[in-house]
Protein chains: 2
Amino acid sequence: MLTDRQLLILKIIVDDFIRFGQPVGSRTLSKKEQITFSSATIRNEMADLEELGFIEKTHISSGRVPSQKGYRYYVDHLLPPVQLTQKDVQAIQSIFHEQIYELEKLIEKSAQILSDLTNYTTVVLGPSVKEHKLKTIQIVPLNAETAVAIIVTDTGYVEKHVVTLPSSIPPSDVEKMVNILNERLTGVPLEDLTDKIQTEVAHVLREHIQSYDHMLRMISYSLDLNAPAQMFLSGKMNMLRQPEFSDIDKLRALLNVIEQEKEFYRLLRKHKQQGIQVKIGTENDVEGMENCSLITATYSVDGEKLGTIAVLGPTRMEYSRVISLLNLVATDLSKVLSVWYQKD
Amino acid sequence: MLTDRQLLILKIIVDDFIRFGQPVGSRTLSKKEQITFSSATIRNEMADLEELGFIEKTHISSGRVPSQKGYRYYVDHLLPPVQLTQKDVQAIQSIFHEQIYELEKLIEKSAQILSDLTNYTTVVLGPSVKEHKLKTIQIVPLNAETAVAIIVTDTGYVEKHVVTLPSSIPPSDVEKMVNILNERLTGVPLEDLTDKIQTEVAHVLREHIQSYDHMLRMISYSLDLNAPAQMFLSGKMNMLRQPEFSDIDKLRALLNVIEQEKEFYRLLRKHKQQGIQVKIGTENDVEGMENCSLITATYSVDGEKLGTIAVLGPTRMEYSRVISLLNLVATDLSKVLSVWYQKD
DNA sequence: TTTAGCACTCGCTTCATTAGAGTGCTAACA
DNA sequence: TGTTAGCACTCTAATGAAGCGAGTGCTAAA
């Protein structure tokens with residue numbers, strides 16, 4: 001177990017390194033007002049801390065830098081009490097006081113304010129579209145051979161697919177089918193649509209519609225969703241400004257991950273239970289993110305998780321501040337969505 | 001005027017520099033098989049070319065590098081004849097042989113193949129949405145207070161807006177309004193909708209609908225388009241691999257431009273007439289693009305420009321190859337769209 | 001247990017040196 | 001008169017030595 005003095009030293013090392021980005025030496029530490037003992041004592045303690053794996057040197061005679069384990073301990077046990085400035089709080093709340101009716105816009109704004117305030121990158125995973133319930137299906141013919149199929153969910157999400165619709169199919173059939181689909185499928189979660197069509201709708205369609213085959217294929221294609229959930233990124237380029245990424249190769253690796261997006265999707269999906277989660281460096285298990293931490297929070301309605309909101313920064317990131325900001329945004333977002341979804 | 005020999009030297013310098021990225025010296029040049037005269041002669045000619053502003057030195061005793069004026073002359077007069085490989089041609093045509101019915105997907109694929117083949121960044125400006133004609137307007141109520149208004153155009157483009165719809169408004173009124181709008185506005189280009197509503201639809205609505213004010217405001221809001229045209233970028237991160245951007249500051253500046261997107265919008269809009277256009281370095285007049293060239297092409301149907309497709313690379317880019325690729329994609333795209341739009 | 005002191009290590013910067021690539025100029029050549 | 005060989009010169013990039021400063025580990029004394 002660590003002594004109180006070791007904890008103090010570890011905390012100050014991490015705080016200082018987060019602040020200034022420079023390895024912290026015993027002399028620097030001895031000058032801090034919280035510290036009443038000499039640099040030699042500090043050196044002894046630091047040697048112990050290093051042996052335990054909480055800090056490390058960049059080279060044999062350098063100051064110390066937190067190791068991944070050190071950050072982990074810091075985040076788990078040493079986080080300084082939060083203090084957001086009035087400014088931060090106001091900036092965030094101003095968004096949620098605006099009259100916004102579109103989920104996408106609200107989420108986008110949340111992501112943007114977070115990346116602006118932190119200077120890191122923000123990722124937000126929207127509610128899983130699969131769980132949204134179908135409000136209506138529409139098929140709008142465009143010309144002799146194509147039509148656009150439009151799906152609307154109870155959350156106001158709209159998705160479209162252009163489909164072929166040979167002129168041999170009578171318009172009345174199309175109309176009939178749309179009616180049948182809406183009658184039978186309204187209120188069904190999107191993920192269950194395919195099943196429901198097979199079990200309950202197919203036989204009705206076969207009875208009433210001539211080109212049953214083509215139509216069924218077409219409608220299945222339309223319901224095959226592009227995106228299982230929408231993802232929004234903001235402040236992608238903020239990482240350029242972080243001094244740890246002045247190395248072009250590290251930067252390349254990271255920007256590739258950011259650009260790909262699919263890794264984020266995986267990471268954010270992983271976060272199931274409520275609350276804040278901090279993943280440091282290699283804990284993320286993504287190549288290119290060794291020097292990054294990802295802090296995720298969920299937002300929810302009635303205790304049920306809707307989506308995830310996350311901030312990506314260097315491992316040397318302002319954990320305390322980011323966690324507070326994230327908490328604030330997540331709870332505000334949850335509140336607004338609770339009001340929306342109540343009205344159903 | 002430049003002599004034939006000067007032209008030959010200029011051409012070889014540009015070709016060589018594009019290929020290897022290193023300043024070209026007289027000795028290197030004298031070894032090229034096209035060159036029959038000595039390095040001393042070359043030095044004399046180069047001194048003249050430099051005085052005329054076509055080439056420059058990176059430092060006083062270095063080899064020569066094309067200046068912006070040099071690239072300009074090269075592009076205008078010295079482009080080597082095109083030779084695309086079988087592979088390139090096949091890669092491009094494979095896209096256009098796929099069964100794709102969605103404009104967005106087709107454009108996205110075009111952008112992607114171009115950025116893959118060139119290793120540069122591709123930008124495509126879709127057809128101006130404003131000119132699309134309204135196919136239908138739908139209003140789908142979501143809950144007691146909101147609804148989603150959906151606009152579909154003749155090209156299959158779909159746009160949605162969530163709007164407030166107080167429960168005090170009778171559903172029959174909404175239905176009535178939608179009918180009136182569809183009756184009067186189908187086939188009208190989106191850009192004319194607002195006018196048309198004021199002049200032709202407003203008075204009809206007033207006659208038939210109670211909460212005329214709110215409804216009119218709502219519908220105006222819905223028709224206020226987000227995007228005047230859609231833009232697609234592909235291969236944003238390709239620029240990371242260009243050796244000219246191993247300087248982190250230049251990279252930052254460029255990625256900011258790429259991320260902002262609005263500059264591209266401006267640049268691509270500028271290209272009105274048909275054909276290929278090459279803008280080199282500062283000709284683009286965008287900060288951060290001093291070391292880039294932008295090659296744009298238009299695609300069109302029946303001689304009428306629909307959109308623009310562009311490749312962004314370093315000034316030291318493979319002009320000849322990119323121009324050919326761009327030409328091929330643009331003409332193929334035009335062909336496919338001609339078939340689509342013929343059927344209206 | 002704490003601290004002062006000291007030898008030692010390493011990274012960073014500066015400075016000088018050298019090799020190499022390339023130039024401009026001059027004088028000789030065809 | 002145009003072309004070329006030759007040479008002095010310039011500048012970059014790479015290399016290495018020297019000195020500085022920050023920091024460490026260890027020892028011995030308080």
Side-chain angles (χ1 to χ4, degrees), chain A residues 1-10 12-17 19-67 70 243-244 246-247, chain B residues 1-10 12-17 19-67 70 243-244 246-247:
Chain A
M1 247 319 42
L2 296 179
T3 65
D4 281 357
R5 197 165 65 187
Q6 285 172 325
L7 292 182
L8 177 65
I9 290 175
L10 178 56
I12 297 181
I13 289 176
V14 180
D15 279 336
D16 195 87
F17 185 67
R19 190 108 183 266
F20 302 108
Q22 293 296 325
V24 191
S26 57
R27 226 180 89 83
T28 319
L29 280 179
S30 71
K31 283 186 192 150
K32 302 270 171 182
E33 56 179 289
Q34 301 112 298
I35 285 188
T36 53
F37 33 93
S38 79
S39 65
T41 312
I42 295 170
R43 281 202 289 282
N44 287 330
E45 297 286 29
M46 290 206 292
D48 291 348
L49 283 171
E50 182 167 10
E51 210 163 303
L52 293 166
F54 291 103
I55 55 181
E56 49 197 28
K57 300 185 231 183
T58 57
H59 59 89
I60 196 148
S61 74
S62 76
R64 303 308 211 285
V65 155
S67 68
E244 18 272 293
S246 53
D247 175 10
Chain B
M1 251 314 42
L2 296 178
T3 65
D4 281 357
R5 197 162 67 188
Q6 286 173 324
L7 292 181
L8 177 64
I9 291 175
L10 178 57
I12 297 180
I13 289 177
V14 180
D15 279 337
D16 194 87
F17 185 68
R19 189 107 184 266
F20 302 107
Q22 293 296 325
V24 191
S26 57
R27 225 181 90 83
T28 319
L29 280 179
S30 69
K31 283 186 192 149
K32 302 270 171 182
E33 57 177 286
Q34 302 112 299
I35 284 189
T36 52
F37 33 92
S38 77
S39 65
T41 311
I42 295 171
R43 282 202 287 282
N44 288 330
E45 296 286 28
M46 289 207 291
D48 289 348
L49 282 172
E50 182 168 9
E51 212 163 302
L52 292 166
F54 291 103
I55 54 182
E56 49 198 26
K57 301 184 232 183
T58 58
H59 59 86
I60 195 145
S61 75
S62 76
R64 302 310 211 285
V65 155
S67 67
E244 18 272 293
S246 54
D247 175 10

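Proteins get letters first, then strands, A, B, ... in listed order; numbering begins at 1 in each. Every heavy atom of this structure was used, including side-chain atoms; hydrogens, water molecules and symmetry mates were not. Model, not experiment: these values are computed from the prediction.
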Rounded off to whole Å, could you give me the [atom1]-to-[atom2] distance for the [X] and [N] pair?
{"X": "B:I42", "N": "D:dT3", "atom1": "CD1", "atom2": "P", "result": "12 Å"}
{"X": "B:E45", "N": "D:dT3", "atom1": "CD", "atom2": "P", "result": "7 Å"}
{"X": "B:Q6", "N": "D:dG2", "atom1": "CD", "atom2": "C1'", "result": "14 Å"}
{"X": "B:K57", "N": "D:dC11", "atom1": "NZ", "atom2": "C1'", "result": "11 Å"}

First and last nucleotide of DNA chain C, 5' to 3', lying under 4.0 Å from heavy atoms of chain A:
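Span of nucleotides near chain A: C:dT2 to C:dG11.
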For B:S62, which contact category applies under a 4.0 Å heavy-atom criterion: base, sugar-phosphate, or nothing?
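The residue B:S62 makes sugar-phosphate contact but no base contact.
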Is the backbone of A:T58 close enough, under 3.5 Å, to the side chain of A:S62 for a donor and an acceptor to pair up by distance?
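Side chain of A:S62 to backbone of A:T58, a donor-acceptor pair under 3.5 Å: yes, one is there.
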Within the side chain of A:S67, is there an N or O that forms a donor-acceptor pair under 3.5 Å with the backbone of A:E56?
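No; judged by distance alone, with no hydrogens or angles, the pair does not exist.
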Does OP1 or OP2 of D:dT4 have a side-chain N or O of B:T41 closer than 4.0 Å?
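For D:dT4, OP1/OP2 do have a side-chain N/O of B:T41 under 4.0 Å.
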Going by modelled atom types, is there a donor-acceptor pair between the base of D:dT4 and the side chain of B:S38 at under 3.5 Å?
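For B:S38, whose side chain was compared with the base of D:dT4, there is no donor-acceptor pair (under 3.5 Å).
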Checking side chain to side chain contact (heavy atoms under 4.5 Å, CB included) between B:L29 and each of B:E45, B:M46, B:R64, B:R43, which is the one that passes?
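One option only clears the test, and that one is B:M46.
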Taking for each residue the nucleotide of DNA chain D with the nearest heavy atom, is it B:R43 or B:T58 whose nucleotide lies nearer the 5' end?
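Comparing both residues, the 5'-ward one is B:R43.
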